[in-house]
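The structure under discussion appears below in the form of structure tokens.
Predicted, not measured: the structure shown is a model, and the values here were computed from it. Each residue takes its place number in the sequence, starting with 1.
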Amino acid sequence: MTLLAHQLRDAHKAVAPLPPETRQRLIRHLLAITDLAKRDATLAARRLEAFLADFQDGPGVG
């Protein structure tokens, strides 16, 4: 498994315990990044990095 795949898996785990409304929105964002990774792994990695930075600032951000 690649580093990006591990990071995506960990991001999904971090989002899982959140309240349903917030979790659904963030999971949609992660799924979009996952889909992007199929076409452009470098861009997906940058987007995931930005997502994780926002998430660390507060899970409602993004």
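Note that CZ of R46 and CG of L36 are 9.0 Å apart. Values are rounded to the nearest 0.5 Å. Once rounded to the nearest 0.5 Å, the distance linking CD of E49 with CD of Q7 reads 8.5 Å.
Summarising the local packing, CZ of R23 is surrounded by more than 12 heavy atoms from other residues, nucleotides or ligands at distances under 6.0 Å.
Inter-residue side-chain proximity for L31 and H12 is flagged as met; some heavy-atom pair is nearer than 4.5 Å. When side chains are defined from C-beta on, F51 counts as touching V15, because their heavy atoms get closer than 4.5 Å.
Distance alone, capped at 3.5 Å, is enough to place a donor-acceptor pair between the T34 side chain and the L30 backbone.
Every residue two or more places apart in sequence or in another chain that forms a side-chain contact (heavy atoms from CB on, under 4.5 Å) with L52 is listed here: A11, L48. R39 meets the side chain to side chain donor-acceptor pair (under 3.5 Å) test with D35; sequence neighbours excluded.
Looking only at atom types and distance, the side chain of R9 has a donor-acceptor partner in the side chain of H6 under 3.5 Å away.
Considering every non-hydrogen atom in both A37 and L4, the closest pair reads CB-CD2, 3.7 Å.
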